[in-house]
Amino acid sequence: MNPLKWSLVEPFYKLMIGEDRKSQLNNIIKMIGLPIAGLVVFLFIWQGAASHIHTSLGQFPGPIQTYEQFISLQEEAEASAIKEEKFYERQAERNAQRVEKDPSYEPTIRDYTGPPTFFEQIGRSLVTVMSGFILASIIAIPIGIIIGLSANAYAAVNPLIQIFKPVSPLAWLPLVTMVVSAVYVTDDPAFDKAFLNSMFTVLLCCLWPTIINTAAGVATVTQDLKNVSQVLRLNWWTHVRKIVLPCSIPMMFTGLRISLGIAWMVLIAAEMLAQNPGLGKFVWDEFQNGSSNSLGRIMVAVIMIGIVGFILDRGMLVLQKAVSWDKSVTLR
Amino acid sequence: MTNQQTGRRSFIKKTTLAIASAMVFSSGSAYALGYPEKEDLKFGFIKLTDMAPLAIAYEKRFFEDEGLYVQLEAQANWKVLLDRVIDGQLDGAHMLAGQPIAATIGYGTKANVITPISMDLNGNAITVSNKTWAAMKPNVEMENGKPKHPISASILKPVVESYKNAGKAFKMGMVFPVSTHNYELRYWLAAGGLKPGYYAPHKGDTAGTLNADVLLSVTPPPQMPSTMEAGTIEGYCVGEPWNQQAVFKGIGVPVISDNSIQTNNPEKVFGLREDFYEQYPNTTIRIVKAMIRAAKWLDEKNNKNRPEAVKILSKSSYVGADYKVIANSMTGTFEYEKGDKRSEPDFNVFFRYNATYPYYSDAIWYMTQMRRWGQISEYKPDTWYQDMAKKVYRPDIYKKAVAALIEDGVMKKSDFDTAVFTTDGYRGVQNDFMDGIPYDGSKPNAYIDSLKIGLKGKEKL
């Protein structure tokens with residue numbers, strides 16, 4: 001770990017020690033200047049366009065109003081934290097009083113009942129999307145490997161994949177809702193039904209790219225390697241582990257990245273309709289509020305959704321780089 | 001030991017117990033009502049000002065005083081809300097009066113939903129688009145330079161006819177097929193000589209547009225202004241703040257408030273599943289207690305607390321609209337045309353006039369309207385209406401909550417209308433409709449027959 005080798009630090013360091021100043025400056029401009037310039041131009045266009053759009057709720061929010069709403073959401077979260085603390089204090093007091101009167105009572109601490117803050121909603125969305133995505137991957141990768149290895153299995157499954165792949169989350173959701181309500185019957189539910197509804201909808205929509213790409217990756221295993229496997233008389237499981245998986249990892253990850261992107265997009269729609277707390281419900285509630293702050297707040301959510309989606313994708317990329325054998329391929 | 005002896009012994013035992021417990025209660029040292037069986041609760045609501053009793057019971061900690069930890073969650077629309085109560089995702093909800101009734105009689109969904117408390121009176125209005133208002137205005141009677149209210153639907157009639165002549169349909173919105181708003185809008189239209197269309201569920205026709213002059217369709221309340229702005233509908237009937245929102249947005253003009261269609265008409269109720277009550281009776285009674293306190297808080301001292309209530313409602317987790325939009329109707333005024341602000345002290349009533357009592361006759365009125373427009377497709381005898389009302393409306397639970405509040409010393413007997421303690425559940429003959437037709441809840445069929453437009457007697461579509 002040498003920080004001086006990091007691409008972000010390197011040109012500054014070289015500039016400082018006076019090594020090839022011109023090309024270092026060029027590098028810095030490319031690395032930092034251009035993205036900033038892009039952002040600034042975008043902000044100007046946004047501000048300019050916003051000031052020309054008049055909705056019945058007032059002017060379309062520009063960057064400044066959006067930032068203000070972000071601050072106000074932060075303030076609300078702080079206020080809510082204080083309320084939460086007081087809630088637990090009152091609860092402890094109430095429990096103590098009751099135990100005094102009724103010694104057989106075993107107090108349990110109830111969770112805070114206030115509405116989730118914006119930042120908690122982001123957290124809940126992430127939990128939902130990751131649960132759906134991980135579950136989908138656990139299902140999709142084995143299917144992908146199996147149909148990749150066997151042309152017959154592929155021929156059998158392919159029509160189903162092609163038919164279900166383009167189905168919109170909005171079409172899945174009513175079915176998922178009905179099935180979850182019918183099947184998930186328990187007195188002490190570990191999960192919210194709304195959570196399950198949106199998670200399964202996400203799952204159904206993000207299965208397909210992983211299956212397809214895994215299968216394609218598995219199919220790219222060269223005949224040479226297959227021959228090696230045969231000569232060594234590897235059993236099926238070892239063949240999959242030592243030959244097929246390493247070869248198909250890059251494609252598999254391409255699929256996983258597409259899946260995660262889809263999962264994140266689908267989630268917002270699913271949350272809106274399933275009434276599952278999260279960013280989707282936040283957007284829907286704000287749209288319903290119709291207050292003069294609503295559009296600004298929705299804009300904050302839009303940007304946040306974008307940033308989180310970006311971070312998720314980068315996370316997958318890091319993972320992909322870490323597990324891929326061939327480090328020479330540039331991934332982006 | 002003979003049977004008689006056992007009987008006597010147990011009688012003595014019971015009497016001693018009764019006397020002992022009576023002594024305990026009168027000393028005030030113990031609660032008559034047991035602890036709640038279920039403490040974590042989740043209630044749904046729709047973004048409307050009449051969800052206020054729930055928000056207030058939460059914010060003023062009346063729920064916590066009852067040992068209840070309640071989470072309030074806004075729902076996307078009335079259908080989602082009802083389904084989630086029925087399948088147990090919600091323990092209870094702010095509901096349209098017609099929802100528990102329709103669910104119980106099996107119109108739309110079949111489930112035993114009950115209501116132990118009415119949440120408010122009034123609170124709705126009918127709004128028309130600017131274009132429609134411009135066409136109506138020349139025929140509106142003026143008084144001191146301002147339109148004379150209430151405005152009858154007969155003034156809308158020529159506009160609807162001009163649409164008909166041009167081969168176009170005149171469309172209006174309401175929030176749910178069994179909503180108060182649907183029946184109010186229909187009542188207003190029919191009183192003005194316009195036919196709002198019939199339902200024929202036995203033929204699978206649940207659109208409610210058979211033989212209609214005005215086509216009514218469903219739109220969730222918060223989407224109402226934007227739907228009208230988009231030109232999909234020419235007007236709508238909805239609760240607040242979505243009429244004032246149209247005025248503030250400059251896209252429409254409210255023409256009549258529901259208080260002018262029927263004085264102090266019953267509006268939302270609190271609905272929950274019957275088996276929830278059977279399983280958790282103490283919890284249910286405690287919920288009702290907290291909501292009665294909230295209703296009283298909302299109305300007490302001449303609406304003194306209303307500005308604070310508006311501030312709470314304008315939080316984005318509740319109604320979320322701007323303070324000034326919600327304040328208009330909640331603090332006793334209502335703005336018709338922009339600038340035409342009028343005093344309407346009873347636009348929202350939460351406690352006055354015995355607003356929280358679940359009257360059987362209110363339930364029966366809703367059923368008469370369901371029959372009138374064909375949602376109840378066949379003739380039913382008067383006793384059927386009464387039995388159904390008793391199944392859904394549960395003043396027995398309400399009365400237990402009132403008794404417990406008085407027992408606790410939180411409220412006094414004098415805080416309540418004397419009717420709470422004396423009524424048989426029927427309001428008597430009500431003569432408070434805009435068309436002057438009297439309503440007697442004990443004779444639903446006679447009332448149905450007395451209405452000019454609508455199904456009568458044994459008629460079936």
Undergrad: If I measure from the heavy atoms of chain A, does B/Y58 come under 4.5 Å with its side chain, its backbone, both, or neither?
TA: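 Side chain only.
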Undergrad: Please classify the contact of A/Q91 with chain B as side chain, backbone, both or neither, using a heavy-atom distance under 4.5 Å.
TA: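 Answer is both: backbone and side chain atoms of A/Q91 are under 4.5 Å from chain B.
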Undergrad: Can you label the angle between the B/Y35 ring and the A/Y105 ring as parallel, tilted or perpendicular, going by 30° and 60°?
TA: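 Rings of B/Y35 and A/Y105: parallel, under 30°.
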Undergrad: Using heavy-atom distances under 4.5 Å, tell me whether B/V80 contacts chain A through its side chain, its backbone, both, or neither.
TA: side chain
Undergrad: Drop me the distance from A/T113's OG1 to B/D40's CG, to the nearest 0.5 angstrom.
TA: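 Spacing of OG1 (A/T113) from CG (B/D40) equals 9.5 Å.
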Undergrad: Can you say whether A/P116 sits under 4.5 Å from chain B via the side chain, the backbone, both, or neither, judging by heavy atoms?
TA: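 A/P116 has no heavy atom closer than 4.5 Å to chain B.
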Undergrad: Counting heavy-atom pairs closer than 4.5 Å to chain A, which one of B/Q89, B/E229, B/K315 comes out on top?
TA: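 Between B/Q89, B/E229, B/K315, the count favours B/Q89.
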Undergrad: Anything under 30° is parallel, anything over 60° is perpendicular, the rest tilted; go ahead and classify A/W172 against A/F164.
TA: tilted
Undergrad: In terms of heavy-atom pairs under 4.5 Å with chain B, which of A/K83, A/R98, A/K193, A/K281 leads?
TA: A/R98
Undergrad: For the side chain of A/W264 and the backbone of A/F310, is there at least one donor-acceptor N/O pair under 3.5 Å apart?
TA: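 Absent.
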Undergrad: Relative to the ring of A/W46, is the ring of A/F42 parallel (under 30°), tilted (30 to 60°) or perpendicular (over 60°)?
TA: tilted
Undergrad: Do you know which of B/Q223, B/K42, B/Q245 has the most heavy-atom pairs with chain A at a distance under 4.5 angstrom?
TA: B/Q223
Undergrad: Is the shortest distance from a Lys or Arg side-chain nitrogen in B/E73 or B/R84 to a carboxylate oxygen in the other one below 4.0 Å?
TA: yes
Undergrad: Among residues at least two apart in sequence or on other chains, which ones pass ring-ring contact (aromatic ring centres under 6.0 Å, His included) with A/F60?
TA: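 Scan of A/F60 (ring-ring contact (aromatic ring centres under 6.0 Å, His included), adjacent residues dropped) gives none.
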Undergrad: What part of B/E59 lies closer than 4.5 angstrom to a heavy atom of chain A: side chain, backbone, both or neither?
TA: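 Side chain only.
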Undergrad: Quick one: do A/F282 and A/R297 satisfy side chain to side chain contact (heavy atoms under 4.5 Å, CB included)? Show the steps, please.
TA: CA-CA 9 Å; A/F282 175 85; A/R297 286 172 170 233; 4.1 Å; yes
Undergrad: Quick check on A/A182 against chain B: is it the side chain, the backbone, both or neither that has a heavy atom closer than 4.5 Å?
TA: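 Neither part.
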Undergrad: Tell me which of these, A/P115, A/S292, A/S294, A/A194, has more heavy-atom pairs under 4.5 Å with chain B than the rest.
TA: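 So the answer, after comparing A/P115, A/S292, A/S294, A/A194, is A/S292.
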Undergrad: Heavy-atom cut-off 4.5 Å, strictly under: side chain, backbone, both or neither for B/Q75 against chain A?
TA: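 It is both, since atoms from each part get that close.
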